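All remarks here apply to the structure that follows.
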Amino acid sequence: MPGDSEDPNEGEQYHLEVEPGDVADAVLLPGNPERVPKITAFWDDSEEVGHHREYRTVTGTYEGAPISVTSTGIGSPSAAIAVEELARVGADTLLRVGSCGAIQPEMSVGDLVITTGAVRQEGTSAEYVREDYPSSADHEVVSALIAAAERLGYDYHTGITMSADSFYAGQGRPGFEGFEAAGSDRLVDDLREANVANIEMEASAILTLANVYDLRAGAVCTVYANRETGEFRTEGEQRAAETASLAVKLLARMDEIKRERGVDRWHAGLSLE
């Protein structure tokens, strides 16, 4: 039996400071704690249930559907802690909501990128599974995010995301005093040629852990920069938040229809209408 120091999560979670019953089944995962009130502005109601370090958690409803949000901070290590502790208190659906750099020329600042799978260029998920284990988004979450973006009329793209462990060297940017990491001059070009859509820092760990723990997960990010065109603006932040919130409502409807039809998984033969 492990001692308290090995699993300090009896009741209230050590980092998130939430307990069973504090969060909804579906939780949005932005990085920045300051994004939390921007997300909950779309909701019917909300109440803060935990705030410790970078982790700020609020629970409420969106168009009648229960929903929560937990900020994860920057990077996969802290995002993995959020996944671990949210799963422990009963969450089963996780949607990363963030910003990214696009690397395909047709993607404009303000567009959305809905992740279908991720390149695991972060070290956190490697501490859970072997390096050739895939990081894939749940098809129900991807479908709900697409349906939400369509209903809201937002321009979106779907594709493979690369998750890095650093903002500078790991994403092919120069470091302090122009330092260049080995291979950084080809990194973005190689990813673009492999049809990778965008770069960010959390999705692959979230998706990998969700698959290991049999949870549903996906990611939607707003494009802040296009690495091909050089365009950069912090524009459209609210689009990812609204799309993810509506996706939770649609997932709740999907689950209701699955129960009515007696099936375990959503498929194209079912209808949200």
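Sequence positions, counted from 1, serve as the residue numbers for this chain. No experiment lies behind these values; they were computed from the predicted model shown.
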Take Glu122 and Ser204, measure what side-chain hydrogen bond (donor to acceptor under 3.5 Å, both in side chains) needs, and give me the verdict at the end.
CA-CA 8 Å; Glu122 40 76 25; Ser204 68; 2.7 Å; yes
Report the C-alpha distance between Glu127 and Thr124 in whole Å, list the side-chain angles of each, state the deciding distance to 0.1 Å, and finish with yes or no for side-chain hydrogen bond (donor to acceptor under 3.5 Å, both in side chains).
CA-CA 6 Å; Glu127 297 189 349; Thr124 302; over 6 Å; no
Residues passing the side-chain contact (heavy atoms from CB on, under 4.5 Å) test with His267, sequence neighbours excluded, are Leu270
When you check the side-chain N and O atoms of Glu202 and Ser163, is any donor under 3.5 Å from an acceptor?
no
Lys249 with Glu63: basic N within carboxylate O range, under 4.0 Å
no
Which atom names give the shortest non-hydrogen contact between Tyr55 and Ser78, and what distance separates them?
OH-O, 2.9 Å
Using a strict cut-off of less than 4.0 Å between a Lys/Arg side-chain nitrogen and an Asp/Glu carboxylate oxygen, indicate whether Glu256 and Arg253 qualify as a salt bridge.
yes
Thr115: partners by side-chain contact (heavy atoms from CB on, under 4.5 Å), with sequence neighbours left out
Thr161, Leu207, Ala219
Do Lys38 and Glu34 meet the salt-bridge criterion of a basic N to acidic O distance under 4.0 Å?
no
Between Asp264 and Arg259, is the closest basic N to carboxylate O distance under 4.0 Å?
no
Which side-chain N or O atoms in residues 145-155 pair as donor and acceptor under 3.5 Å with protein atoms at least two apart or in another chain?
residue, atom, partner, partner atom, Å
Glu150, OE2, Tyr156, OH, 2.6
Tyr154, OH, Glu242, OE1, 2.5

Find out if a path of hydrophobic residues (ILVMFWY) with successive side-chain heavy-atom gaps under 4.5 Å connects Ile114 to Leu191.
no
Less than 4.0 angstrom from a charged side-chain N to a carboxylate O is my criterion; do Arg120 and Glu131 meet it?
no
Sequence neighbours excluded and cut-off under 3.5 Å, please list the side-chain donor-acceptor pairs for residues 167-183, or say none.
residue, atom, partner, partner atom, Å
Gln171, OE1, Arg173, NH1, 2.9
Gln171, NE2, Ser166, O, 3.3
Arg173, NH1, Phe167, O, 2.8

Smallest separation among heavy atoms of Ile103 and Glu228, with atom names
O-CB, 4.3 Å
Correct closest heavy-atom pair for Val113 and Ala197 would be CG1-CB, 4.2 Å
Kindly say whether Val223 contributes a backbone atom to a donor-acceptor pair with the side chain of Asp111 at under 3.5 angstrom?
no
Counting N and O atoms only, with roles assigned by atom type, does the side chain of Ser46 sit under 3.5 Å from a partner on the main chain of Thr40, one being a donor and the other an acceptor?
no
I'd like to know whether Asn211 forms a side-chain hydrogen bond (donor to acceptor under 3.5 Å, both in side chains) with Ser136, so could you lay out the CA-CA distance, the side-chain angles of the two residues, the decisive distance to 0.1 Å, and finally the verdict.
CA-CA 8 Å; Asn211 280 313; Ser136 57; 3.3 Å; yes
Non-neighbouring partners of Asp25 that pass side-chain contact (heavy atoms from CB on, under 4.5 Å), sequence neighbours left out
Asp92
Closest contact, heavy atoms only, Trp43 versus Tyr62
CD1-CD1, 3.9 Å
Can you give me every donor-acceptor pair (side chain of residues 64-74, partner residue at least two apart or in another chain, under 3.5 Å) with its distance?
residue, atom, partner, partner atom, Å
Ser68, OG, Ala24, N, 2.8
Ser68, OG, Thr59, OG1, 2.7
Thr70, OG1, Thr57, OG1, 2.9
Ser71, OG, Glu54, O, 2.6
Ser71, OG, Arg56, N, 2.8
Thr72, OG1, Pro30, O, 3.4

Regarding Glu84 and Tyr213, do their side chains bring together a donor and an acceptor under 3.5 Å, going by distance alone?
yes
For Val196 and Met162, the nearest pair of non-hydrogen atoms, with its separation, is CG1-N, 3.9 Å
